[in-house]
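The figures here come from the full heavy-atom set of this structure, side chains too, leaving out hydrogens, waters and symmetry mates.
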Amino acid sequence: MTLLLDGDVQVNIECTVTLTSGPLSAPNAEPVQLAPERQEVAPALALFGATIVSSVAFKSGALRLVFDTGTHLNVKPDSQFEAWSTCGPDDLRFACLPGGGLSIFR
């Protein structure tokens, strides 16, 4: 799944994504799993036109994006693949390393 953002920024997600309405820890979060091999993207359509209000790339390699709609998108590291990567302005790139960890480069 690829998210194209304003300012020529894109987020490429190669592994399972968890979408929730509110934080994962919320009692009514009702997580929805989107796995790339199933190509079920209908729940992600709710992100179309939404604005990211918070983004965190953790040292562990996990990624959390929070949208103005209240939707949270979470990606955990994968043991074999880069779970996600970004390409931003001025060629600044972030990537989740296979097995976890975060890489930042230009």
Side-chain angles (χ1 to χ4, degrees):
M1 179 167 69
T2 299
L3 303 175
L4 300 175
L5 311 175
D6 289 342
D8 295 327
V9 176
Q10 72 180 41
V11 179
N12 301 303
I13 301 170
E14 306 287 334
C15 293
T16 300
V17 170
T18 302
L19 291 176
T20 57
S21 180
L24 278 171
S25 59
N28 59 348
E30 298 182 22
V32 174
Q33 304 285 323
L34 301 177
E37 63 274 7
R38 292 196 310 254
Q39 297 183 3
E40 296 172 358
V41 297
L45 293 176
L47 302 177
F48 187 78
T51 300
I52 294 175
V53 295
S54 172
S55 62
V56 180
F58 296 92
K59 288 181 184 179
S60 67
L63 175 69
R64 179 178 62 222
L65 303 177
V66 179
F67 295 85
D68 61 351
T69 59
T71 300
H72 289 222
L73 180 149
N74 291 277
V75 184
K76 293 181 180 178
D78 186 85
S79 61
Q80 297 179 326
F81 305 104
E82 286 185 355
W84 60 269
S85 63
T86 67
C87 181
D90 302 322
D91 292 323
L92 181 61
R93 297 174 187 261
F94 293 83
C96 172
L97 299 171
L102 186 62
S103 177
I104 304 168
F105 51 96
R106 286 186 180 247

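A35 pairs by the side chain to side chain contact (heavy atoms under 4.5 Å, CB included) definition with T16, E37, R38, not counting sequence neighbours. Checked against side chain to side chain contact (heavy atoms under 4.5 Å, CB included), T86 has the following partners two or more places apart in sequence or in another chain: V11, W84, F94. Not counting sequence neighbours, S21 has no partner by the side chain to side chain contact (heavy atoms under 4.5 Å, CB included) test. With sequence neighbours excluded, the residues that form a side chain to side chain contact (heavy atoms under 4.5 Å, CB included) with F105 are R93, A95, S103.
For the pair E82/P98, a side-chain contact is recorded, criterion being any heavy-atom separation below 4.5 Å from C-beta on. Residues L73 and M1 meet the side-chain proximity criterion, which asks for heavy atoms closer than 4.5 Å. Taking the side chain as every heavy atom from C-beta outward, L5 and L3 approach each other to under 4.5 Å. Taking the side chain as every heavy atom from C-beta outward, D8 and P89 never approach each other to under 4.5 Å.
Cluster partners of V53, by chain and number: V66. The rule joins Ile, Leu, Val, Met, Phe, Trp and Tyr whenever side-chain heavy atoms lie under 4.5 Å apart. The hydrophobic cluster containing L97, built from Ile/Leu/Val/Met/Phe/Trp/Tyr side-chain heavy atoms closer than 4.5 Å, comprises no other residue.
Atoms CG and CG, on L19 and L34 in that order, are 5.0 Å from each other to the nearest 0.5 Å. Taking CZ of R106 as the start and CG of L92 as the end, the distance is 5.0 Å to the nearest 0.5 Å. Here the NZ-OG distance, from K76 to S60, works out to 10.0 Å after rounding to the nearest 0.5 Å. Of the inter-residue distances, the one linking S85 atom OG with L63 atom CG reads 10.0 Å to the nearest 0.5 angstrom.
Heavy atoms only, all atoms of each residue included: A50 and A46 are closest at CB-O, 4.4 Å.
No continuous path of hydrophobic side-chain contacts links L65 to F58 [ILVMFWY only; heavy atoms under 4.5 Å]. Note on I104: it clusters hydrophobically with I13, by side-chain heavy-atom contacts below 4.5 Å among ILVMFWY residues.
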Test side chain to side chain contact (heavy atoms under 4.5 Å, CB included) applied to L102 and K59, step by step: CA-CA 6 Å; L102 186 62; K59 288 181 184 179; 5.6 Å; no
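For the residue pair N12 and Q10, a side-chain donor N or O sits within less than 3.5 Å of a side-chain acceptor on the partner.
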